[in-house]
Every structure is written in C-alpha cells, then in structure tokens.
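Remarks on the structure that follows.
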Amino acid sequence: MSYQDLYKESIDNPQNFWKKQAQQLNWYTFPKKILKANDKGSFDWFLDGELNMSYLCIDKHVNEGYGNQVAIYYDSPVSGRKEQITYQKLLEEVSKLAGGLISLGLKKGDTAIIYMPMIPQAIYAMLACARIGVTHSVVFGGFAPHELAIRIDDCEPKLIITASNGIEIERIIPYKPFVDQAIELAKYKPEKVVVYDRKLGVTYTTNKRDFDYENLVKNAQATPPVKLNANHPLYILYTSGTTGTPKGIVRDTGGYATALKFSMKNVYAVNEGDVYWAASDVGWVVGHSYIVYGPLLNRNSTVLFEGKPIKTPDAGTFWRVIQDYAVNVMFTAPTAIRAIKKEDSEGELIKKYDLSSLKYQFLAGERCDVATLRWTEQKLKVPVIDHWWQTESGWPMLANMVGVEPLPVKPGSASFPVCGYDIKIINEQGKECKPKQEGYVLVKLPLPPGCLLDIWNNTERFKAGYLEKFPGYYFSGDGGYFDEDGYLYITGRVDDVINVAGHRLSTAEMEEIVASHPHIAECAVFGVHCDIKGQKPMGLAVLKSGISNDVQKLSEEVVQMVRNEIGAVASFKDVLVVNRLPKTRSGKILRKLLRNIADKTEYAIPSTIDDVAIIEEIKSIYISNNIGIHKNQLT
Ligand code: COA
Ligand code: AMP
C-alpha cells in the first residue's frame, strides 16, 4: 500500500485503523471502546482494554521461544564493560526486581523515580515498574539535585531507584549523593532509595532508607505482570515548557504500545529480530520510546550505549558499535553527527568499519541542517531520514515512512505527517496557511494513540498549553510550513523553549535563576546559534543601580548558579552585563530581537520598541564579545 493510501485511511477512519493496529498486540482484554472523547477536551484510546507493557516487551517473546535472542546489547566505552542480555535473562532480572519492589511496599498506582545512568539496571527498573503498575518517572542524569527535587515534589515517589555513579567521559557523576541532596531539598520525602552499586571504586554514604539493589533482587520472588487498563499511566516524563516549572507529561499504556509497535514497522522499517539503536539517553523521550519500549515490544535487539559520539574514545565509536552488533537501523540527533564531523570531517574513521548491516540513519531532536544531512548521506551511503516529534507525542509526528513506502528525501524537511496525525499550518487568525506560508504547526484532534494523556497534577496547564489556544487542535509549540509537494518544514519553536544539543530546555527557568543573583536587576536569557549544539543559551544582565561588579566574577557566579540549579546539561556559559535591555513600550523584553541580532538573521524592528537606539548598543556589545560572528549554517 502507498503512504498516501495508508495515511488517508488513518485520517478518514481512525477508529478502524487503530483497532487494526491494536490487534498486533497481545491484550488480556481486547478493547471494545476504541476512541472516546474525555472531559479534558481530548480523547482516550482503548479505555476498556487490559494489557501489560512488561509482558509485551519480555514474557511474550520468551513464551514464543525467543528466550535466547539478545534483548539488550550493553556497550559502555566509559567503563570498559559490555554485556549481552537475552530475553530470558531480561525476564529473570525484571521479574525479580519487580518482586523486590513489591517487598518494599510498592503497589499498583504508586509512583517511583528512576535516576540512573545508561546501564541495564535502568531498563530493568523501568520494566519492573511497568510490570506491577507503578508509574515511573525517569530523570535525566545531567540534571542537578535541585531539578530532581522539583520532580520529587511534583510526582511524590514512594521510592527512588538510583546507581552509585555515572561516568561522563572520564568524570564521575555522583548519582547517589545527588539523590541524597535532592531529598534534602525536597518538601516531600520518599521513604526508600534503592541503590545499584556499580563497583567502580566510588564510595558513598548509606542512609537508613537505602536498600542495596543486588541484595534486593537476590532475595526477591519473581513476580508476574499485572493486568492494567489501557489508560493506566505507564510513566511521567518531565519536559521544559514556557515557565520555570517543568511539566510532567503523562503517558498511557495501551495507546502507547499500539503506536510504538506500529512505528517500528512502518516508520523505522524494522522487523522482529532486527538490531535497532537509538543513541540517546533513557532520561529523554527518545530513550523511553526507542531504546526501551519500542524495540522490545517489536522483539528487536536494542543497543544501550553508555558513551558519547566523540572522545569515547574517538569519533569512530558510533561506527564501531554499528559494526559490532550489526545494527540495522540507527537513530541519533544531528548534533551528534556535527560533533563527529568536526573531529573527522573526511569520514576517515568510518572507512575502518563494516557498516553493511545499516539500512537507515534516522535523525531527530532538533532541526537538521542541510550540510549535516548531506554529509551523513555521503559518508554512510544509506538514506538519512530527518523526522520530527516531541516528548508530548511520544512517537514520530512527521517522517518519511520508509517502512510503508520510501519517498524522496528533501533536505531541510522532516517530510510528511505520520499516519494518525492530521497536521495543519494555521496562522494567528486561525486560518489555514497556503503552501510556503509559515504558521503554527497544529494537529487536528483526535491525536492518534500514544500521545500525552495529561500533565501530572496540572490538567489546567494541559488544557491551556495544548488544547485551548486553537480549539479543536493540539498546539505543538513549533512553527513551520508545507511546500507545494506536501513536505513540511519545521522552522523552530514559537515559544521560549530552546534546544541545546538535542536537549529541550526552558530559558524562562534559567532567567529566574539569573535574576535571583543579588546584584542583578533584570535579565534576558535566550538561545543563540551554535555550530555544534544547534543552539546554546545566552544571558544579558542589567546590574542593580549603585552596584559596580567585577563582571568576570559575576558572570562566573551566575553560570555556577545555573549549573547548580538546573545542571551541567543547561550548557549555560555566556552571560554579558549590559546597561539596559530592549523592551516594548509596555515593558516586555524583546528576546526574539536579541536572538535575531546575535544570529544575524533578518529581523524587523518592532514598532512597539521603546527606544530604537538600543539596537546599535546591543550590536556593539555582541561584536566586542565575539557573539554572532559565525556563519549561520541553518539557513
Ligand atoms: N549526566 C551528567 N552530566 C551530563 C550528562 C549526564 N547524563 N549528559 C551531559 N552531561 C553534562 C556534560 O558532561 C556537559 O558537562 P560540562 O559542561 O561540564 O562539559 C554538559 O552536561 C553538557 O552536555 P552536552 O550538551 O551533552 O555537551 P557535551 O559537550 O558533553 O557533548 C555532544 C556534546 C554533541 C557530543 C552531546 O551533546 C551529544 O552526544 N548529543 C546527542 C544528544 C542526544 O542524543 N540527544 C537526545 C535526543 S535524540
Ligand atoms: P523534545 O520534547 O525534547 O523531544 O523536543 C521536541 C522539540 O524538538 C520539538 O518541539 C521541536 O522544536 C524540536 N525538534 C525535534 N525534532 C525535530 C526535527 N526533526 N526538526 C526540527 N525540530 C525538531
């Protein structure tokens, strides 16, 4: 069937279409209610169906005779460890850990935080929670204790599962001490902490609430999966929004399982038994969907890589992993390719490895510039597929659905709407834009299965942020346009969310931290272009009157504050002191203008600006600080 026909079917008759896809899964009770409007203004899928994600990812395959197939290839250049975990071994590890969690008092309906590096125990922990109906919230290791504390207070976990430490190239990241600090900072106090000791010679203090992971598993009873309703929350994943407070995206079980299974075959062209590698982190949505749940649902061998595209040990490490595990399809962020390209521009390291297993290279997480796409195509000699999605959707919204019908790639475009997503480009007045006219990227409701159910503890924010801006549509927060051939081009966020090395961050959150420095009167934080990371945050600060600081010292203090509060992942390294900030006559800071001047993108001077002269002032500050002297590759 052609992409056009399949897509049309999914939009014309979503109930039939997704019922058919749901039949690809083994349910305890197949749903009678396929799609139902709910009182939040959105829709629920498969409400009365019953299933278990852990069963579908593990037991089903073992029962069908695939216990000896490798489920996880763990490869950790930073610790020098490698392990091949079969589906049988995965079953033992997960069912025993699930038993251990039950022995600690966890039960269906509880929440647990998982704060772990890229080790198999992180995957075991996710699947063990899913097995017993505990909603997990994985927190990315690059976030500092303060960010972890915010999440603890929001989702009130009964228990935290962590590891002694992580490794960033050569630096030890003290996960367990960070958990202790976070619990100290949080108002809500989780009762128990399970610690996996990586035995890397790093010591940590133990508290009364701590339990050793290995002991727990050794003494536990293997536990079967429990039946869960399709809309049982599998996980909460926090992401950055336009305010300083992250939002907990809530994911269901049945819709998500259906959508992921569909996507493995139809978007990624992956068959059961294939090797699939998403070089991301379990702390991000890509990790949830395409390191853990998607490939395991589809009985693939998934690669769990604890390293970086460069320096672990060199820019050939990705190609070594593809060769060693005969990876069929790989997924990474354009920033990783740019980092590799910078170190090995001629692709000499690629030639050292046999990449004949690779069929497709997928890219997402940020806009893919044409130069990066072309370089990857030329060097890997396979189709390179840019595709677009977000934490909220949980799976691709725009893609070249190569599993259905590979279509020509147009660099700069993430291609076409994926089945189930009725995407429209709408202008400020709510009218549909013509081809080549840029507008808001919206999805006509209902969203397909797998997308967010709600925001944890904040249905009002869910409705206001996503559903009420354009009634009848889901608001993605991105801008874009269709061309005459129906290819969609994402142009970037229309809000203050930025994307740094494929990591989504809130400038509002950074701004709150910078503004809390006792000598700073006001500030603006915004994203500027970065050749490797796509964007990086930059701050401009105005000092309080009467304060004349050592600017270097102040800037170091502010950078450290952001690092302490958000974490190293914020990559906040540039802050300049200015006399004033450009504002509208009503006092709103013109952040977009500040960004555009730095990026040397074309901009119109807003008619509402209170003083035009400030533009020249800002330009000269940028020039004297070497800001914005790059060539903007993204045009
Ligand atoms: N735990 C602790 N710290 C972490 C971390 C983790 N899991 N991940 C990143 N950090 C730290 C880094 O060590 C770095 O610290 P530093 O400022 O002290 O050097 C900081 O956070 C910023 O990290 P990052 O943005 O990753 O920059 P980098 O310079 O270390 O690496 C890339 C640059 C491009 C190689 C890297 O960002 C990368 O591999 N990106 C791919 C991103 C990706 O897969 N995104 C997922 C979406 S698909
Ligand atoms: P996250 O929720 O962290 O996955 O970030 C989602 C955001 O990243 C989207 O809203 C986009 O702004 C951006 N993004 C992801 N993939 C792409 C892509 N292929 N092209 C352009 N932007 C992308």
Side-chain angles (χ1 to χ4, degrees), residues 78 115-118 122 139-144 165-175 178 237-241 247 249 278-291 305-312 315 317-318 331-343 362-369 373 385-399 412-415 441 452 475-480 488-495 497-505 530-536 559 563 566-573 634:
V78 291
Y115 184 66
M116 291 182 112
M118 289 282 285
V139 178
F140 176 62
F143 285 122
N165 58 282
I167 311 164
E168 270 293 293
I169 308 186
E170 283 166 342
R171 191 157 45 101
I172 292 289
I173 308 294
Y175 275 67
F178 279 0
L237 180 57
Y238 288 88
T239 189
S240 301
K247 43 191 178 184
I249 301 301
S280 178
D281 188 288
V282 288
W284 304 113
V285 70
V286 177
H288 283 65
S289 298
Y290 295 112
I291 294 176
F305 175 71
E306 189 185 19
K308 299 262 172 183
I310 50 171
K311 298 185 188 154
T312 56
T317 195
F318 272 16
F331 176 166
T332 191
T335 186
I337 302 285
R338 287 195 295 268
I340 292 171
K341 186 175 149 207
K342 185 163 174 253
E343 305 258 308
F362 280 83
L363 298 175
E366 55 172 326
R367 184 161 180 259
C368 184
D369 54 286
L373 188 109
I385 310 294
D386 176 13
H387 63 320
W388 170 78
W389 53 295
Q390 1 177 253
T391 305
E392 289 85 344
S393 68
W395 67 289
M397 304 165 86
L398 281 180
S413 166
S415 301
V441 183
L452 76 172
F475 178 74
S476 72
D478 281 321
L488 207 156
Y489 293 72
I490 297 290
T491 49
R493 298 288 306 188
V494 295
D495 54 20
V497 168
I498 57 170
N499 201 308
V500 182
H503 309 318
R504 176 166 157 186
L505 299 166
C530 169
D531 281 345
I532 298 293
K533 296 191 178 191
Q535 275 188 308
K536 62 178 180 177
V559 165
R563 200 176 165 98
I566 298 181
V569 68
S571 298
F572 183 79
K573 301 205 167 146
L634 296 183

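Worth knowing before you read on, the calculation uses all heavy atoms, side chains too, and leaves out hydrogens, waters and symmetry mates. In each ligand, atom 1 is the first atom listed, and ligand 1 is the first ligand listed. Numbering of residues begins at 1 and proceeds along the displayed sequence.
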Identity and separation of the nearest protein heavy atom to atom 41 (C) of ligand 1: Thr335 CG2, 3.7 Å

Answer yes when Lys342 and Asp531 have at least one side-chain N-carboxylate O distance shorter than 4.0 Å, and no when they do not. no

Salt-bridge present (Lys308, Glu168; N to O < 4.0 Å): yes

Under 3.5 Å between any N/O of Lys573 and any N/O of ligand 1: does that happen in this structure? yes

When rounded to the nearest 0.5 angstrom, what is the spacing between CD1 in Ile310 and CD in Glu343? 4.5 Å

Test item: Glu392 side-chain N/O and Leu452 main-chain N/O as donor-acceptor pair under 3.5 Å: no

Has the side chain of Thr335 got a donor or acceptor atom that lies under 3.5 Å from a matching backbone atom of Gly502? no

Can Gly166 be said to touch ligand 1, with heavy atoms closer than 4.0 Å? no

Can you name the residues that come within less than 4.0 Å of ligand 2, going by heavy atoms only? Val285, Gly365, Glu366, Arg367, Asp386, His387, Trp388, Trp389, Gln390, Thr391, Asp478, Ile490, Arg493, Asn499, Arg504

Atom indices of ligand 1 within 4.0 angstrom of Ala568 heavy atoms, with elements: 11 (C), 15 (O), 20 (C), 21 (O), 22 (C)

Between ligand 1 and Ala501, can you find any atom pair, the residue atom being a heavy atom, that is separated by under 4.0 Å? yes

Tell me which protein heavy atom sits closest to atom 18 (O) of ligand 1, plus the residue, atom name and distance to 0.1 Å. Arg563 NH2, 2.8 Å

Just by distance, do the side chain of Ser289 and the backbone of Gly394 share a donor-acceptor pair under 3.5 Å? yes

Which of the ligand 1 atoms, numbered from 1, are nearer than 4.0 Å to a heavy atom of Ser571: 22 (C), 25 (O)

CG (Leu488) and OG (Ser415) are apart, to the nearest 0.5 Å, by 9.5 Å

Closest heavy-atom approach to atom 23 (O) of ligand 1 among Arg171, Lys533, Arg504 is made by Lys533

Within ligand 1, which atoms have a heavy atom of Val286 less than 4.0 Å away? 48 (S)

Can any side-chain N or O of Ser571 pair as donor or acceptor with the backbone N or O of Lys536 at less than 3.5 Å? no

Nearest protein heavy-atom contact for atom 12 (C) of ligand 1: which residue, which atom, what distance? Glu168 OE1, 3.2 Å

